[in-house]
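From a predicted model like this one, the values you see are computed outputs, not experimental measurements.
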Amino acid sequence: FAYISTEAYGPNEGLQVIDLRGLPHHAEEVAVLRGEDDRLVSSHNLSIDTATGFAYMLNSNGNEIIVIDLSDPLNPVDVAAVPVPDSHDAYAHNDRLYVAGGRNPTFSMWDMTDKQNPVMIGRVDVPNPGYVHNVWPTEDGRYALTNEETVDKTVKVWDLQDPDNPTLVGNWLGESRLAHNVQISGNHAFVSHYSSGVYVLDISDIANPRVA
């Protein structure tokens, strides 16, 4: 199954559910979830915690992350919300939620073990910030990369091993000086970078990213 969010308004507003079982010949939209009080309409971003079977989706105002139970994949259920002052992007894995704060120039980390009672583990103020666009942890959760989608603002490497005191340990920026988004897989980070295209970074030495 595929789950789609969109900022657009139209006939399929909300979380679209696509049944992919007919591929490669056929895929079909089978449901659209608008959420309580239409709060999933015009949502910028979602992340699926594949370890637990829950999706985390921005509401239309960017001031909540909505928790969605996917245990019945054809009938997702809006079950809870995480209050955030502002958000642009979320990533979730193993009941840990990471939220990029957008115009509120922070990123935050949440323990989502109890979906009805999310616990903020920490919130990090980004120094001399731009627009805090996204955050993505390494697979072991010890580090995270953030970016700000603002000219001359670097992709930042954070040490999260002390969640009460995350520390900035590295920076990187490509030729066009405008990093858009970062994702991590293993020892590589993939950075969409506007006119520079997509960079693949070797992060095996996490504090010193380099072009692979």
Side-chain angles (χ1 to χ4, degrees), residues 1-3 5 15 35 39-40 43-59 62-71 73 76-102 104-127 129 131-149 155-170 181-191 201 203-204 206-207 209:
F1 302 92
Y3 299 87
S5 67
L15 176 65
R39 61 185 179 178
L40 298 180
S43 170
H44 172 73
N45 174 259
L46 71 89
S47 175
I48 296 174
D49 185 346
T50 56
T52 65
F54 286 85
Y56 294 83
M57 186 170 176
L58 275 64
N59 73 345
N63 58 12
E64 286 183 318
I65 308 296
I66 310 305
V67 186
I68 302 166
D69 185 349
L70 301 179
S71 54
V77 180
D78 172 349
V79 295
V82 182
V84 290
D86 191 12
S87 63
H88 184 75
D89 194 281
Y91 175 84
H93 186 64
N94 278 332
D95 280 331
R96 183 69 57 90
L97 174 66
Y98 302 80
V99 180
N104 178 51
T106 66
F107 70 90
S108 57
M109 299 166 288
W110 299 78
D111 182 344
M112 296 302 303
T113 305
D114 182 349
K115 306 298 182 290
Q116 299 299 323
N117 295 286
V119 176
M120 189 171 69
I121 300 166
R123 176 171 282 140
V124 179
D125 294 316
V126 176
Y131 183 83
V132 181
H133 187 268
N134 93 308
V135 53
W136 201 283
T138 55
E139 292 176 0
D140 59 11
R142 297 172 63 193
Y143 298 88
L145 270 60
T146 62
N147 76 289
E148 294 158 67
E149 197 186 12
V155 176
K156 294 176 171 61
V157 182
W158 300 87
D159 185 333
L160 305 179
Q161 295 177 79
D162 179 359
D164 293 325
N165 187 35
T167 54
L168 181 61
V169 295
N181 209 70
V182 59
Q183 297 185 7
I184 295 173
S185 179
N187 286 326
H188 292 92
F190 301 83
V191 185
L201 304 181
I203 57 171
S204 53
I206 190 67

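Considering only heavy atoms from C-beta on, I65 comes within 4.5 Å of L58 through its side chain. With a 4.5 Å cut-off on side-chain heavy atoms, H44 and S5 do not count as touching. The side-chain heavy atoms of P73 and L70, taken from C-beta on, include no pair separated by under 4.5 Å. Looking at P209 and V157, their side chains come closer than 4.5 Å, going by heavy atoms from C-beta outward. Counting only heavy atoms from C-beta outward, the side chains of V119 and M112 never approach each other to under 4.5 Å. The closest side-chain heavy-atom distance from V135 to V182 is not below 4.5 Å. Contact check for N59 versus S43: no side-chain heavy atoms found under the 4.5 Å cut-off. Between V191 and N181 the shortest side-chain heavy-atom distance does not fall below 4.5 Å.
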Q: Assess whether side chain to side chain contact (heavy atoms under 4.5 Å, CB included) is satisfied between K156 and F107, documenting all intermediate values.
A: CA-CA 12 Å; K156 294 176 171 61; F107 70 90; over 6 Å; no

Q. Can you list the steps and then say if L145 with I184 is a side chain to side chain contact (heavy atoms under 4.5 Å, CB included)?
A. CA-CA 8 Å; L145 270 60; I184 295 173; 4.0 Å; yes

Q. When you look at D49 and D95, which way does the side chain to side chain contact (heavy atoms under 4.5 Å, CB included) test go after all the steps?
A. CA-CA 7 Å; D49 185 346; D95 280 331; 4.2 Å; yes

Q) Do D159 and R142 pass the side chain to side chain contact (heavy atoms under 4.5 Å, CB included) test, and can you show the C-alpha distance, the side-chain angles, and the key distance before you say yes or no? A) CA-CA 6 Å; D159 185 333; R142 297 172 63 193; 5.7 Å; no

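Closest heavy-atom contact between E139 and G186: OE2-N, 2.8 Å. Listed here is the closest heavy atom pair of V67 and A81: CG2-N, 4.4 Å. Residues P85 and N104 approach most closely at CG-ND2, 3.3 Å, considering heavy atoms. Closest of all the heavy-atom pairs between I66 and D78 is CG2-OD1, 3.4 Å. Residues A92 and S47 come closest through the heavy atom pair N-OG, 3.0 Å. When every heavy atom of P166 is checked against every heavy atom of V124, the shortest pair comes out as CG-CG2, 3.5 Å.
A donor-acceptor pair under 3.5 Å is absent between the side-chain atoms of T106 and the main chain of D125, judged by distance alone. In terms of modelled atom types and a separation under 3.5 Å, the side chain of E149 and the main chain of Y131 share no donor-acceptor contact. No donor-acceptor pair closer than 3.5 Å links the side chain of S87 to the backbone N or O of V99.
Distance check: N147 CG to W136 CH2 gives 11.5 Å after rounding to the nearest 0.5 Å. For the atom pair CG (L201) and CD1 (I206), the distance works out to 10.0 Å, reported to the nearest 0.5 Å. One distance of note links CZ of F190 with CD1 of I203; it measures 9.0 Å at 0.5 Å rounding.
Salt bridge absent: D69 and K115 never bring a charged side-chain N and a carboxylate O closer than 4.0 Å.
Every side chain to side chain contact (heavy atoms under 4.5 Å, CB included) that D164 has, sequence neighbours left out, goes to D162. By the salt bridge (charged side-chain N to carboxylate O under 4.0 Å, His left out) test, E64 is found to be paired with R39, residues two or more places apart in sequence or in another chain being considered. By the salt bridge (charged side-chain N to carboxylate O under 4.0 Å, His left out) test, D86 pairs with R103, sequence neighbours left out.
For the residue pair H88/N45, the side-chain donor-acceptor check at 3.5 Å is not satisfied. Under 3.5 Å, the side chains of Q161 and Y143 contain a donor-acceptor pair of N or O atoms. With 3.5 Å as the limit, one finds no donor-acceptor pair spanning the side chains of W158 and T167.
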